[in-house]
There are 2 protein chains.
Amino acid sequence: MSPATGGRHRPTMRDVAREAQVSVMTVSRVVNGGDPVNPQTRQRVLDAIERLGFRPNSLARGLRHNRSTGLIGLVVTNLANPFYSRLAVAVEETARRLGLALIVGNTDEDAARERQLVEDLLARRVDGLIIVPAGEDHGYLAGDLTRGTSVVFCSRPPRGIDADVVTVDDFGGARDAVAGLAAKGHHRIGYIGHLARIHTGGERLNGYLAALADAGLPAAEELVRVGITGAEEAERAAADLLGGPAAPTALFTSNNLLTVGALRAMRTLRAVGGAGTELVGFDDFDLADMLEQPFSVVAYDAELLGRTVTDLLADRLAGETGPPRAVVIGTRPAPRGTLAARQATR
Amino acid sequence: MSPATGGRHRPTMRDVAREAQVSVMTVSRVVNGGDPVNPQTRQRVLDAIERLGFRPNSLARGLRHNRSTGLIGLVVTNLANPFYSRLAVAVEETARRLGLALIVGNTDEDAARERQLVEDLLARRVDGLIIVPAGEDHGYLAGDLTRGTSVVFCSRPPRGIDADVVTVDDFGGARDAVAGLAAKGHHRIGYIGHLARIHTGGERLNGYLAALADAGLPAAEELVRVGITGAEEAERAAADLLGGPAAPTALFTSNNLLTVGALRAMRTLRAVGGAGTELVGFDDFDLADMLEQPFSVVAYDAELLGRTVTDLLADRLAGETGPPRAVVIGTRPAPRGTLAARQATR
DNA sequence: TTGTATGCGTTATCAC
DNA sequence: GTGATAACGCATACAA
């Protein structure tokens, strides 16, 4: 293995220094610019770097002046959900603009996995964390917060710790949507929702209940299905609800996946001559506008959510030490959905 | 600030050692297990760790025994495309299973940005890279490959370098789909495709042309639109094509976004009484089965692609030094799409 | 303009 | 069972 082709290991500044017949410091100066270096020496070093294929080790650099790694972690509950992948895209884009690299982790709504992931990210000395919490208690992060790791929560507020958080107006969005259904004359409005113990699930259910109360409608237990965890389960729940003795004339679903499940059930029912049910679902989604079935969604800007949460984090990284901030992203009713597939593929 | 609450900086082993009245080495032993430590000393150290909120610095650890960082990078062209986010999910899941953390980066199909991202990831000493190449030449990675950084390419083969690659059967999938249209009696089959200079674009166009040739159909230039970069542009192209003097009776679109655009155009046309066009698109997508319009897709398993590419990388990380491998993921025709929203939200 | 000593947080090695 | 020392790759402080 000739020196000219580079060795078999990743070359260090020492290797370059040896190759260029200078000291390590001179190499460091050339690599980092700034300090004056003799043009000829400089060229010798550059040649050596080229020959050896040297790349500065940013980890060692960071270790030296014990500062930022330029790394942030994004911990989400379900990256496969289009909503969270949109969030991730927005976070990645904003982070990169700020010169930060992004490590993503998926918890699959498992608190233990979340804890493990977060610990790993802290061990990797990320500058900051964006967490969509699955766990019930984040008190274990309190110490890290005071010691220089910034944490911002997303979608759901943390418990056991005071930190920045960006949420969606879950309660208001759900309440307004259901109020709209009631205003249209619906007296029996069904609810299909994900786990009520999850913040978004609880708030959206509360919004539904509040709207019923406001409209003077009774909250019938047999019209409420909670703890539904996916499209297929939602399809079964909707079929069950709509095929029952006193079927609701309208349905509210608490997230995008459940909306799709309900739509499938409605399509099946319509095929056998079932009545048209009116549907409103939380979360907009791609192609919602392309479906023939009439329904509408409670939409909000997932990209804005991602940008906001990343901006808050960046703010902390920049030294902001004020009290925790809570930002709420507003919702708006969107008939038939409006989220076109706007992305380009080049 | 009492010692019991921890200081304002991230505590190191030294801090713990001082607190527990032992040497750093003892702390290290306690932290890493393995070496025998007196139970009482051990407890003192654990208490100190608890009090101070110490977390081992995995960067420094990595620096010490100059080995794997346990980090891999995923560089994709368009994370906003559902296809790539599915890929990312599969990669993240597989990586985590292997104990690797994942840094994701989006190039937006920009070669310069890709280069910059890759350089940054190499500086961060990732153990390996998964790249969906946007750049035309990856010769600059040749040196890194021999020096211990594993690289696997995804979706498109690299140029200027020999490395593992996992692709989709773009040519075969497109050819079979268009052959199917021809077999159904279509003589004028339109093509709406993304950039032909991109590997997938070129291969799918070639597949289209091959199918036409096989069927003895002329390749009419006015039926081919390439370089289309998104759903909106595809919608215009399709409307243009279908509204023209000699409109095709069938359409082939080269990816999911373009398929959606074409579907929009077809819906508009149908609303004004236009003829029914037959459509086949490359890439399956969510809700394809829910759309009323008749069409079909060329489907393939994006998760399998992600798992495969990550497995190949893991193989290299484990020391595999054989010649570069090329894996091709097969496609299958899927009437109306079959990709249900199967994910769960808990 | 260039080099030496030192330290970042951790661990391998060897001594006690 | 425990500790001192050196080293990982790099950069700051200071000296030459």
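Treat the numbers as computed from the prediction; the structure is a model and nothing was measured. In what follows, chains are A, B, ... by sequence order, proteins preceding strands, each numbered from 1.
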Hey, is the side chain of [X] poking within less than 4.0 Å of OP1 or OP2 on [N], counting only N and O atoms?
X: Asn32(B); N: dT11(C); value: yes
X: Thr26(B); N: dG1(D); value: no
X: Arg14(B); N: dC8(C); value: yes
X: Arg64(B); N: dA7(D); value: no

In this structure, how many angstroms lie between the [atom2] atom of [N] and the [atom1] atom of [X], rounded?
X: Gln40(B); N: dT2(D); atom1: CD; atom2: P; value: 9 Å
X: Arg61(B); N: dA7(D); atom1: CZ; atom2: C1'; value: 17 Å
X: Met13(B); N: dA12(C); atom1: CE; atom2: P; value: 10 Å
X: Asp35(A); N: dG3(C); atom1: CG; atom2: P; value: 13 Å
X: Leu59(A); N: dT10(C); atom1: CG; atom2: P; value: 14 Å
X: Arg55(A); N: dC10(D); atom1: CZ; atom2: P; value: 13 Å
X: Asn57(A); N: dC8(D); atom1: CG; atom2: P; value: 13 Å
X: His9(B); N: dG7(C); atom1: NE2; atom2: C1'; value: 14 Å

Which nucleotide wins on minimum distance to the side chain of [X], given the candidates [options]?
X: Asn38(B); options: dG1(D), dG9(D), dT10(C); value: dG1(D)
X: Ser23(A); options: dG3(C), dC10(D), dG3(D); value: dG3(C)
X: Arg29(A); options: dG3(C), dG9(C), dG3(D); value: dG3(C)
X: Val37(B); options: dA11(D), dG3(C), dT2(D); value: dT2(D)

For this session: Apply the test side chain to side chain donor-acceptor pair (under 3.5 Å) to residues Asp120(A) and Gln116(A): give CA-CA distance (whole Å), side-chain angles for both, the deciding distance (0.1 Å), then the verdict.
Result: CA-CA 6 Å; Asp120(A) 176 60; Gln116(A) 191 181 359; over 6 Å; no
Problem set entry | Pair Arg44(A) + Asp47(A): basic N to acidic O under 4.0 Å |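 No.
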For this session: Please evaluate the base of dG9(D) for a donor-acceptor partner in the side chain of Arg125(B) within a cut-off of under 3.5 Å?
Result: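 There is none.
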Problem set entry | Donor on one side chain, acceptor on other, Thr321(B) and Arg316(B), under 3.5 Å |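 No, no side-chain donor-acceptor pair sits under 3.5 Å.
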Exercise. Do the side-chain N and O atoms of Arg10(A) and Thr149(B) include a donor-acceptor pair separated by under 3.5 angstrom?
Worked result: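 On atom types as modelled, these side chains qualify, holding a pair under 3.5 Å.
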Problem set entry | Touch class at under 4.0 angstrom, heavy-atom based, for Val31(A) against every strand present |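 No contact.
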For this session: Using a 4.0 Å heavy-atom cut-off across all strands, classify Thr41(A) as base, sugar-phosphate, or nothing.
Result: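 Since only primed, P, OP1 and OP2 atoms lie under 4.0 Å of Thr41(A), the category is sugar-phosphate.
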Problem set entry | Earlier contact from the 5' end, DNA chain D, for Met25(A) and Leu63(B) |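 Here Leu63(B) is the residue nearer the 5' end.
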For this session: Indicate yes or no: at least one non-hydrogen side-chain atom of Arg61(B) is less than 4.5 angstrom from one of Asn32(B).
Result: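 A side-chain contact under 4.5 Å exists here.
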